[in-house]
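Okay, structure first, notes after.
The sequence lines fix the lettering, A, B, ..., with proteins before strands; numbering per chain opens at 1. All values below were derived from every heavy atom in this structure, side-chain atoms included, with hydrogens, water molecules and symmetry-related copies excluded.
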Number of protein chains: 2
Amino acid sequence: MVGAMNNEPARPPKAELQASADVVLLTIEDDRLKVVLVERTKEPDKGSLALPGGFMWAGEDAVTTARRVLAAKAGVTGDVYMEQLYTFSEPGRDSRGHILSVSYMALVRREDLVFAEGPLTETPALYPAVGHPKLSFDHDRILKYGLKRMRDKLLYTNIAYALLPMHFTLTQLQRVYEIVLGRDLDKRNFRKKYLSLDMIRPVEAAMRGGRHRPAQMYEFVYAKPVELAEPAL
Amino acid sequence: MVGAMNNEPARPPKAELQASADVVLLTIEDDRLKVVLVERTKEPDKGSLALPGGFMWAGEDAVTTARRVLAAKAGVTGDVYMEQLYTFSEPGRDSRGHILSVSYMALVRREDLVFAEGPLTETPALYPAVGHPKLSFDHDRILKYGLKRMRDKLLYTNIAYALLPMHFTLTQLQRVYEIVLGRDLDKRNFRKKYLSLDMIRPVEAAMRGGRHRPAQMYEFVYAKPVELAEPAL
DNA sequence: AAAATAGTGTCTATAAGACATTATGTC
DNA sequence: GACATAATGTCTTATAGACACTATTTT
């Protein structure tokens, strides 16, 4: 009806914006849940800590950006568990301009995490996920979101596999749950429950070492994300 | 050098892209769960059905875009329940270019849904959410995602409030659950369970009408999203 | 044999699910 | 009083959670 103007009155500008991916990369080290943070070497907020992140490149989707960032900043290359968390898009969230951030949570085994030695512009390191230092931008909020997601998913999926070696003992599995959930679990109840889920199976191997009885080792039946019919704990 | 080449040079181009918000707007009509779809009047995919959506404007965040789209295309202006679903960012998802889509699920009471009479270029209408027609772009995927989210959240939150009038009967509440979950529920078990959650309280009113016993009416204690400690069903 | 961790079973309490009848309005 | 929906309770089964001792290996 109105010629060139179709939908909107006096059509305002479509936003030409940039998008970034920011990753909450979690691992377990020294019986604690830790997160990879990088020290910013550029303004804004030079010198402070932030989640590893980077701009989306042309032709990339957000998860590709996230994987590239993990490889570049945390030396993580193998296939990592990664899931999208949330997209933050408030115009004021980054002082450099309107930058939309697609956030991800990633899980990695500590031994697969090798911080690159090369000429990195930003140095990555591990920090306690609970009681972490203050972060730049709105990254505190993103990290908080990632931690909640992690705890929730532990209870109704098998994602613990992403933090354990291929073969592990029930005690190690229980420790993952205790560390992430932040509370002690009863050994007998944990084993009874977990074994009833049919998510893990025993393997022909025992964990030896230490002056004590060796432990039966297990492996996950599915080494990929699976939702449980019933809650895991 | 604002090149489109992606040769992995020292510094590839940051993507300058556009972002849109697409909304899975659900309601209940005639005892069925329905979704608002619009008929496309422009290429690409002119004439086919799609979720209501629109481009983010400069200075807007994605949820503002989503609300603007709801008002413009579905006449929905009151405060609507809305939550972010997922962000789709594959370069090939829209033939017009690299358009990132932040998707939302929204819930509205049928009586609050007034399709605008004005010179709309796209006509919105209600379609069955289960057994809906084929949609444009990747909107089938987004709708599927929205339906799953809706069913999941019904089980551990109070979002049913967003589909019911302020005062309602337990039978009406049960119908919402049955319609969304797609299965019949036992009346006695449903009431016992739901009342034990302390999410609703009786009000001084009865639903009259029809030649039968009037029903006690209830209201939600919190008319906003609340997560339940225990599952709702 | 001492040390250290692995491995196991019972009891109780709570929740889930199957199931049918009585109650109270309107017409 | 006929109709239509509202409202209610019991029993069975499954799950969650509290709780302590024996088994096996190494040194």
Side-chain angles (χ1 to χ4, degrees), chain A residues 30-31 151-152 154-157 160 164-165 167-179 181-219 227-233, chain B residues 30-31 151-152 154-157 160 164-165 167-179 181-219 227-233:
Chain A
D30 299 334
D31 263 10
R151 294 188 189 109
D152 287 350
L154 203 58
L155 296 178
Y156 66 94
T157 73
L164 287 165
H167 293 167
F168 54 88
T169 69
L170 284 176
T171 299
Q172 289 176 310
L173 178 61
Q174 183 176 342
R175 282 305 290 146
V176 170
Y177 273 79
E178 290 177 332
I179 290 165
L181 298 177
R183 60 188 161 97
D184 287 350
L185 301 172
D186 179 85
K187 187 182 189 175
R188 284 162 295 184
N189 292 341
F190 179 83
R191 288 168 181 237
K192 197 191 337 174
K193 175 67 185 176
Y194 215 93
L195 289 171
S196 79
L197 297 175
D198 292 325
M199 298 295 310
I200 57 176
R201 70 164 85 94
V203 294
E204 275 275 341
M207 168 69 84
R208 309 190 105 80
R211 59 205 249 191
H212 57 78
R213 176 174 176 178
Q216 174 66 50
M217 305 206 76
Y218 292 82
E219 66 182 3
E227 289 210 12
L228 306 178
E230 34 178 348
L233 279 185
Chain B
D30 297 337
D31 263 13
R151 295 189 189 108
D152 288 350
L154 202 60
L155 295 178
Y156 66 93
T157 73
L164 287 165
H167 293 167
F168 54 87
T169 68
L170 283 177
T171 298
Q172 289 176 310
L173 178 62
Q174 182 176 341
R175 281 305 290 148
V176 169
Y177 275 80
E178 290 177 332
I179 290 165
L181 298 178
R183 60 187 161 98
D184 286 350
L185 300 173
D186 180 84
K187 187 180 189 177
R188 284 160 295 184
N189 292 340
F190 179 83
R191 286 167 182 236
K192 196 190 337 174
K193 175 66 185 177
Y194 215 93
L195 289 170
S196 78
L197 298 174
D198 291 324
M199 297 296 310
I200 58 175
R201 70 164 87 92
V203 295
E204 276 276 340
M207 169 67 87
R208 309 189 104 81
R211 59 206 250 191
H212 57 81
R213 177 175 177 178
Q216 174 66 51
M217 303 205 77
Y218 292 83
E219 66 182 1
E227 288 209 12
L228 307 177
E230 33 177 350
L233 278 186

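- For residues 200-213 of chain B, proximity to DNA chain D is found at B:Arg211, B:His212, B:Arg213, defined as any non-hydrogen atom under 4.0 angstrom from a strand atom.
- A:His212 is linked by a side-chain contact (heavy atoms from CB on, under 4.5 Å) to nothing, counting only residues two or more places apart in sequence or in another chain.
- A donor-acceptor pair is defined here as one N or O able to donate and one able to accept, closer than 3.5 Å; such a pair exists between the side chain of B:Tyr177 and the backbone of B:Leu154.
- Under a 3.5 Å cut-off, the side chain of B:Glu204 and the backbone N or O of B:Met217 do not form any donor-acceptor pair.
- In this structure B:Leu155 satisfies the side-chain contact (heavy atoms from CB on, under 4.5 Å) test together with B:Leu181, B:Leu233, sequence neighbours excluded.
- Nucleotide D:dA7 holds its P atom 10 Å from the CE atom of B:Met217, rounded to whole Å.
- Every residue meeting the side-chain hydrogen bond (donor to acceptor under 3.5 Å, both in side chains) condition with B:Asp152, not counting sequence neighbours, appears here in chain and number order: B:Lys148.
- Within the 3.5 Å criterion, the main-chain N or O of A:Leu185 finds a donor-acceptor partner in the side chain of A:Gln174.
- At a threshold of 4.0 angstrom between heavy atoms, the contacts of B:Thr171 are confined to the sugar-phosphate backbone, with no base atom among them.
- Among residues two or more places apart in sequence or in another chain, the salt bridge (Lys or Arg N to Asp or Glu O under 4.0 Å) test is passed with A:Arg201 by A:Glu219.
- Partners of B:Tyr218 by side-chain hydrogen bond (donor to acceptor under 3.5 Å, both in side chains), not counting sequence neighbours: none found.
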5' to 3', nucleotides 8-18 of chain D under a 4.0 Å protein heavy-atom cut-off (B base, S sugar-phosphate only, - none) gives BBB-----SBB
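- Note that the two end axes of the helix from C:dA1-D:dT27 to C:dC27-D:dG1 enclose an angle of 0°, each drawn from 5 base pairs, rounded to 10 degrees.
- One finds the CZ atom of A:Phe190 at 8.5 Å from the CG atom of A:Leu195 (value rounded to the nearest 0.5 Å).
- Heavy-atom contacts of chain B under 4.0 Å fall on DNA chain C between two terminal nucleotides, which in 5' to 3' order are C:dA16 to C:dC27.
- Under the salt bridge (Lys or Arg N to Asp or Glu O under 4.0 Å) criterion, A:Arg188 pairs with A:Asp186, sequence neighbours left out.
- With sequence neighbours excluded, the residues forming a side-chain hydrogen bond (donor to acceptor under 3.5 Å, both in side chains) with B:Arg175 are B:Asp31, B:Glu178, listed by chain and number.
- Taken to the nearest 0.5 Å, the OG1 atom of A:Thr169 stands 5.5 Å off from the CE atom of A:Met207.
- Applying the side-chain contact (heavy atoms from CB on, under 4.5 Å) criterion to A:Thr157, with sequence neighbours excluded, gives A:Lys153, A:Ile159, A:Glu227.
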